Amino acid sequence: MTVAALHKVSMAAKDYKSEVQTTWCPGCGHFGILNGVYRALSELGVDPTALVSISGIGCSSRMPYFINTYKMHTLHGRAGAVATGVQLARPDLAVLVSGGDGDGFSIGGGHMPHMARKNVNMTYVLMDNGIYGLTKGQYSPTSRPEMTAYTTPYGGPDEPMNPLLYMLTYGATYVAQAFAGKPKLCADLIKGAIEHKGFSYVNIFTQCPTFNKIDTIEYYRDLVAEIPEGHDNSDLGAAMELARRPGGKAPIGLLYQVDKPSLDEQLAKIVKKVNGSPDYDLNRIIDLARP
Ligand SMILES: Cc1ncc(C[n+]2csc(CCOP(=O)(O)OP(=O)(O)O)c2C)c(N)n1
């Protein structure tokens, strides 16, 4: 993210709460993630007027309403594409996307690899509850075959996708995983993601007690294992090995982080080459592209 938005204000976590009442069900894991976001913003001193919270559609995509900042509640699956535009038009702002596994990997799946490979300077928090919550419980790309839902009353036929392997494969430069039942870890990893320059991805397991009856908070607690000390998070191969869930355990912590030029930096270099000016200005780039 841009350093300009960070370490600007001194605000308590509760000051990032908006006046909008949360609409999630009692016991929903999304609350833990929202608290993690508040804490991360407070610890980083993010200026709320220099932050844009962007989402698609879903229970998780209601997140921006609850944060006291600029926000865009966009179309189902398109948050990342809109966020890419916002980041390029206003590289001085910090961009935070949040949304569900359905939003990000079903309808929005076509956008995910491009945000990663282009290293768009923003943070994507994927709230992974293994189900479509808002539409009252359908099978999602991260659902386990054992899960019964309206669309799969006898269970599903598919192997669930692995979001971490996907993001590592397509070149995300910060890849982490957390669990909503550990809000401090959520906060630490979201904080690291916001500080990171380039595309940062945080996958967070979050229980949906209303519609997903098998991925309970207890299930996730047993599933996750902290990344062992000594893991070299600059080693892509080691990160991929962890993402494959050795011993059946899903790693939580920072799997991978590397420093690479972000998309806005790359575009600034092109502007400098063509125009002689080092200043990044999206309008100038568009002008240069005109015949
Ligand atoms: C174009 C379009 N197709 C389908 C929908 C219906 N729809 C709304 S939210 C959603 C899925 C929500 O699931 P997820 O993104 O996993 O978030 P959750 O509600 O579980 O947090 C769907 C299919 C829609 N709003 N727009």
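Computed from a prediction, not measured in an experiment: that's the story for all the values here. Both counts, for ligands and for their atoms, begin at 1 and track the order of listing. All values below come from the heavy atoms of this structure, side chains included, with hydrogens, waters and symmetry mates left out.
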Should we count [atom1] of [X] as having more than 12 external heavy atoms under 6.0 Å?
X	atom1	result
Tyr70	OH	no
Met72	CE	no
Lys71	NZ	yes

List ligand 1 atoms under 4.0 Å from [X], heavy atoms only on the residue side.
X	answer
Leu134	9 (S), 19 (O)
Asp101	16 (O)
Gly100	14 (P), 15 (O), 16 (O), 17 (O)

Are a donor atom and an acceptor atom from the side chains of Ser262 and Asn119 found within less than 3.5 Å of each other? no
Quick one about Thr69 and Ser53 (side-chain donor to acceptor, distance below 3.5 Å, no hydrogens or angles considered), yes or no? no
Does the ring center of Phe179 lie less than 6.0 Å from the ring center of Phe205? no
Taking the six-membered ring for Trp, is the centroid-to-centroid distance between Phe105 and Tyr166 below 6.0 Å? yes
Can you pull out the closest protein heavy atom to [atom]? Residue, atom name and distance to 0.1 Å, please.
atom	answer
atom 17 (O) of ligand 1	Ser60 OG, 3.4 Å
atom 15 (O) of ligand 1	Asp103 N, 2.7 Å
atom 14 (P) of ligand 1	Gly102 N, 3.7 Å
atom 20 (O) of ligand 1	Gly133 N, 2.8 Å
atom 6 (C) of ligand 1	Thr135 CG2, 3.8 Å
atom 1 (C) of ligand 1	Ile107 CD1, 3.7 Å
atom 13 (O) of ligand 1	Tyr132 CA, 3.3 Å

So between His76, Arg78, Met127, His30, whose heavy atom ends up nearest atom 26 (N) of ligand 1? His76
What part of Ile57, side chain from CB on, backbone N/CA/C/O, both or neither, has a heavy atom under 4.0 Å from ligand 1? both
Where does Leu75 meet ligand 1, judged by heavy-atom distances below 4.0 Å: at the side chain, the backbone, both, or neither? neither
Does an N or O anywhere in Gly58 fall below 3.5 Å from an N or O of ligand 1? no
Among Trp24, Tyr16, Tyr38, Phe31, ring pair (Phe, Tyr, Trp, His ring centres under 6.0 Å) partner for Phe66: Trp24
Lys/Arg N to Asp/Glu carboxylate O, Glu241 vs Arg244, below 4.0 Å: yes
